[in-house]
Every structure is written in structure tokens, then in C-alpha cells.
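Down below is the structure, laid out as C-alpha cells.
Reminder, nothing fancy here: chain letters follow the sequence lines and each chain counts from 1.
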Protein chains: 2
Amino acid sequence: MIDPIPESDEQCATVHTAIGQASCKRVGQVLSRVGDKWSILIIMFLTDGPQRFSQIKRSVDGISQRMLTLCLRGLERDGLVKRTVYEVVPAHVEYELTPLGHSLTMPVAGLGRWAMENLDEIERARDHFDNRNTLSGKK
Amino acid sequence: MIDPIPESDEQCATVHTAIGQASCKRVGQVLSRVGDKWSILIIMFLTDGPQRFSQIKRSVDGISQRMLTLCLRGLERDGLVKRTVYEVVPAHVEYELTPLGHSLTMPVAGLGRWAMENLDEIERARDHFDNRNTLSGKK
DNA sequence: CTGAATCCCCTCTGATACTG
DNA sequence: CAGTATCAGAGGGGATTCAG
């Protein structure tokens, strides 16, 4: 998962705001990781400390073991999570955030705060938008 | 696009870190919006001020008019973008960020900064991970 | 307990063509 | 110029099954 996105950065040159400059396609890669259905949830749970596979599975309600495996692999690949295998009879694997992974929780928390603060307004906007459309006769 | 995610918030109770509390499923909705392939790019370009449909299309390299329409609709629905139609012969439509939309650029910029600062480390981690796997004989 | 492998559905996304 | 409609391909993601 999380494919290459091997595109040019030409459009960076067309943007002239500070944050625009800082964005472009590269940031898209990070946002894909952060924006996917489970990664953030997993990272959040791992801030509590190392967790076993099944613990995470139980914590993140609704995730399938397939997706959990895939997400953890992706996170591990990006160096955000460290995987430790204990060679014992009933397999035992622990996952924990790397320093890089921990550093990500800061900006993400900022986004989380924004989300919490503005969720109501967003939902009101959605209701308003949806009502307007259904009333205007769209099937 | 951007579906309901009508799930319970039970798991919130199982988390005990501050940022963990603030997250959970709700934040997932925002992250889905932020994390999708084009929304952020569009928002970034709109920080420069109101833009016409075709301007955005030209700026965001590679986006299809279909996706642009869909994304703008989604952003409008969430109250992040305002759509203004000028009733003239060659249709003229402008899009601009709402105050809510502008406020989102702050936390997003934080994430963008993190991405820029850590992209090298992430790519190194990926190379390392990929090499390790190909060498260990995986087909 | 972990997690790889398969099957399958369904959404996202792009290409193309068509209206106002 | 702005937007919709349709079709087809790619990929995300769940359920289930098998293996170490």
C-alpha cells in the first residue's frame, strides 16, 4: 500500500504562499499515510507504549487482522513503528513507536484538536448543504 | 464521497492519553478529507485567494475535471469552501476558502512542516526496509 | 498468537463524450 | 467555461482459510 507517487514537483513553483511552498506532492505521501483509515488510530494507541498485535486489534474496534497487518507493515516501512518478535511458542510480537513515530503525534494532535473544535460546524454545514440539495428537487 | 463512518466512540474510553482522548473516530472523518488525494492541494492553492474552476484545474497538475468537481463539492459541503456562480455567458464560477477553511490551513501546515522535515528519514527507512526484504529471499 | 494467502465486493479515479 | 454522465480499470478492504 501507499504507492510511489513519482510525480514532478513543477507545481511547487506556481505557488507563492509560504505553506503552499512547503506542501506539494511530497507532503501528499505523508498525508496519505496519515489520512488512511487506520494508521492514525494505531499510532494513537501506540503512544501509550508497546503493544502486542492482538492488543491493538482489540483496541482498534472494527479493524480486520488483514488491515492491521498491512497498516503495521506500512508504518514499519516508513520507520514510524518498530516491530519486535519474541521467539516463543505462542508467537509474541510487540509494536512500538519509534522516535520518528512519536514526533508525528505532535502535528497530528494539532489536527485532531482542530477536528474536535470544528466538528460541530462541519456537521452543521453538511446538514445545510444536504437539505438544500434534497429540497431543490435533486433525485 | 466521504462516507458516514457511523461507529460508536466506545474505544475512546479505552485510551488514556490526552491526545488519544481527543482523537477516535471523529477525527478520522477530518483526516479522510485531509488525507485524500487532492483536497489539501486545492486548499493550499486557495489560500492565495479566490480562484476560478479552470485556474485550479491548471494549478493542480494531473487532476481530472471530474475529481476536481467532486473534491470541490465535498469541500463545499463541509463548509470549507464557498462557491460563487456568476451568471454570464461563458460560465464563471469562483471558489474561495471560508473562515473555517482558512483555519484548517494552520494545523495542516504543521503537518506539512513535519513532512518536509522528515521526508528524508522516511525515505531512508523505506529503502532500508525494502532492501532487507528483497535480500532475504522474498520473491 | 501472528500473519500470509485467496476470494470478492465496492469505491475511487481517470478517460471520454455530451449539455448549458 | 463549468459541469454532468457513462464506462472501465485499479485498488482498498472485509471474510475466510491455512501455516508457523
Side-chain angles (χ1 to χ4, degrees), chain A residues 1-7 28-29 31-42 50-77 81-96 133 136-139, chain B residues 1-5 7 25 28-29 31-42 50-77 81-96 133 136-139:
Chain A
M1 75 202 276
I2 308 304
D3 30 86
I5 311 186
E7 313 204 22
Q29 298 180 38
L31 291 175
S32 315
R33 155 108 316 123
V34 164
D36 87 22
K37 200 173 176 184
W38 308 107
S39 295
I40 285 302
L41 261 350
I42 294 173
Q51 306 264 342
R52 297 187 53 170
F53 185 88
S54 45
Q55 284 180 306
I56 305 175
K57 178 149 175 20
R58 247 174 287 119
S59 298
V60 182
D61 179 70
I63 193 171
S64 63
Q65 96 287 48
R66 182 176 181 275
M67 278 304 100
L68 181 52
T69 301
L70 255 35
C71 281
L72 287 171
R73 283 286 176 284
L75 260 16
E76 187 192 358
R77 189 173 101 98
V81 160
K82 179 155 169 285
R83 178 170 177 266
T84 311
V85 183
Y86 296 89
E87 302 285 1
V88 289
V89 204
H92 184 135
V93 181
E94 272 189 1
Y95 294 89
E96 64 183 313
N133 281 12
S136 68
K138 294 225 172 186
K139 73 153 186 319
Chain B
M1 73 202 279
I2 307 302
D3 28 87
I5 310 183
E7 314 206 23
K25 287 288 163 56
Q29 299 180 38
L31 292 175
S32 315
R33 157 106 314 124
V34 164
D36 87 22
K37 200 173 177 183
W38 307 108
S39 295
I40 284 303
L41 261 350
I42 294 173
Q51 305 263 341
R52 298 188 52 170
F53 185 89
S54 45
Q55 285 181 306
I56 304 175
K57 178 151 174 21
R58 249 173 285 119
S59 298
V60 182
D61 180 71
I63 194 173
S64 64
Q65 93 290 45
R66 184 173 182 279
M67 278 304 102
L68 181 52
T69 300
L70 255 35
C71 281
L72 286 171
R73 283 286 176 285
L75 293 171
E76 187 193 358
R77 189 172 101 98
V81 159
K82 177 154 171 283
R83 177 170 178 265
T84 310
V85 182
Y86 296 90
E87 301 285 0
V88 290
V89 205
H92 185 134
V93 181
E94 274 191 359
Y95 294 89
E96 64 182 312
N133 280 12
S136 68
K138 295 225 170 186
K139 76 154 184 315

Checklist entry - If you check the B/Trp38 side chain, which of C/dG14, D/dG3, C/dT2 turns out closest? => result C/dG14

Next on the checklist: When the axes are fitted on five pairs at both termini, how much does the helix from C/dC1-D/dG20 to C/dG20-D/dC1 curve, in 10° steps?
Outcome noted: 40°

Show me the donor-acceptor pairs within less than 3.5 Å that the side chains of residues 62-70 of chain B make with the rest of the protein, sequence neighbours left out.
{"unit_1": "B/Ser64", "atom_1": "OG", "unit_2": "B/Met67", "atom_2": "N", "d": "3.2"}
{"unit_1": "B/Thr69", "atom_1": "OG1", "unit_2": "B/Gln65", "atom_2": "O", "d": "2.8"}

Item to check | Nucleotide nearest B/Arg73 when distance is taken to its side chain, options C/dT2, D/dT4, C/dT13 | outcome: D/dT4

Next on the checklist: Just the rounded figure in Å: distance from P of C/dG3 to CD of A/Gln55.
Outcome noted: 13 Å

Item to check | Given C/dA4, D/dG13, C/dT2, the nucleotide with the shortest approach to the side chain of A/Arg52 | outcome: C/dT2

Between the protein and nucleotides 17-20 of chain D, list the N/O to N/O atom pairs that are separated by less than 3.5 angstrom.
none

Checklist entry - Just how far, in rounded Å, is P of D/dT6 from CG of B/Leu70? => result 15 Å

Item to check | Any A/Tyr95 side-chain nitrogen or oxygen under 4.0 Å from OP1 or OP2 of C/dC1 | outcome: no

Next on the checklist: Keeping A/Arg58 on the side-chain end and A/Phe53 on the backbone end, is there a donor-acceptor pair under 3.5 Å?
Outcome noted: no

Checklist entry - Side chain of B/Lys37: nearest nucleotide among D/dG3, C/dG14, C/dG3? => result C/dG14

Checklist entry - For B/His92 and D/dG3, what is the distance between atoms NE2 and C1' respectively, to the nearest whole Å? => result 15 Å

Item to check | Under the side-chain hydrogen bond (donor to acceptor under 3.5 Å, both in side chains) test, residues paired with A/Arg52 that sit two or more places apart | outcome: A/His92

Checklist entry - Can you check whether B/Ser64 has a side-chain N or O nearer than 4.0 Å to OP1 or OP2 of C/dG14? => result yes

Checklist entry - Among all residues two or more places apart in sequence or in another chain, which pass the side-chain contact (heavy atoms from CB on, under 4.5 Å) test with A/Val89? => result none

Item to check | By side-chain hydrogen bond (donor to acceptor under 3.5 Å, both in side chains) - contacts of A/Arg83 (at least two apart) | outcome: A/Tyr95

Next on the checklist: For B/Glu96, give me all partners under side-chain contact (heavy atoms from CB on, under 4.5 Å), at least two apart in sequence or on another chain.
Outcome noted: B/Pro50, B/Lys82, B/Thr84

Item to check | Evaluation steps, side chain to side chain contact (heavy atoms under 4.5 Å, CB included), between A/Val93 and A/Tyr86 | outcome: CA-CA 6 Å; A/Val93 181; A/Tyr86 296 89; over 6 Å; no

Next on the checklist: Determine whether a donor-acceptor pair (N or O, by modelled atom type, separation under 3.5 Å) exists between the side chain of B/Arg77 and the backbone of B/Leu72.
Outcome noted: no

Item to check | Whole angstrom value for the distance that separates C1' of C/dT2 from CZ of A/Arg58 | outcome: 13 Å

Next on the checklist: Quick check on DNA chain C: between B/Met67 and A/Arg66, whose nearest nucleotide comes earlier from the 5' end?
Outcome noted: A/Arg66

Item to check | Side chains of B/Ile42 and B/Gln51 in contact at under 4.5 Å (non-hydrogen atoms) | outcome: no

Checklist entry - B/Ser54 side chain: which of C/dG3, D/dA2, D/dG14 is closest? => result D/dA2

Checklist entry - For the pair made of CD1 in B/Ile63 and C1' in C/dA15, what is the distance, rounded to whole Å? => result 14 Å

Item to check | Whole-Å distance separating the CG atom of B/Asp36 from the P atom of C/dT13 | outcome: 6 Å

Checklist entry - What's the CD-P distance between A/Gln51 and C/dT2, to the nearest Å? => result 11 Å

Next on the checklist: Under 4.0 Å, counting only non-hydrogen atoms across every strand here, what does A/Tyr86 touch: a base, just sugar-phosphate, or nothing?
Outcome noted: nothing

Item to check | Interatomic distance, A/Leu68 CG vs C/dC1 P [rounded to whole Å] | outcome: 14 Å

Checklist entry - Which distance, rounded to the nearest 0.5 Å, do you find between the CZ of A/Arg33 and the OG of A/Ser39? => result 5.0 Å

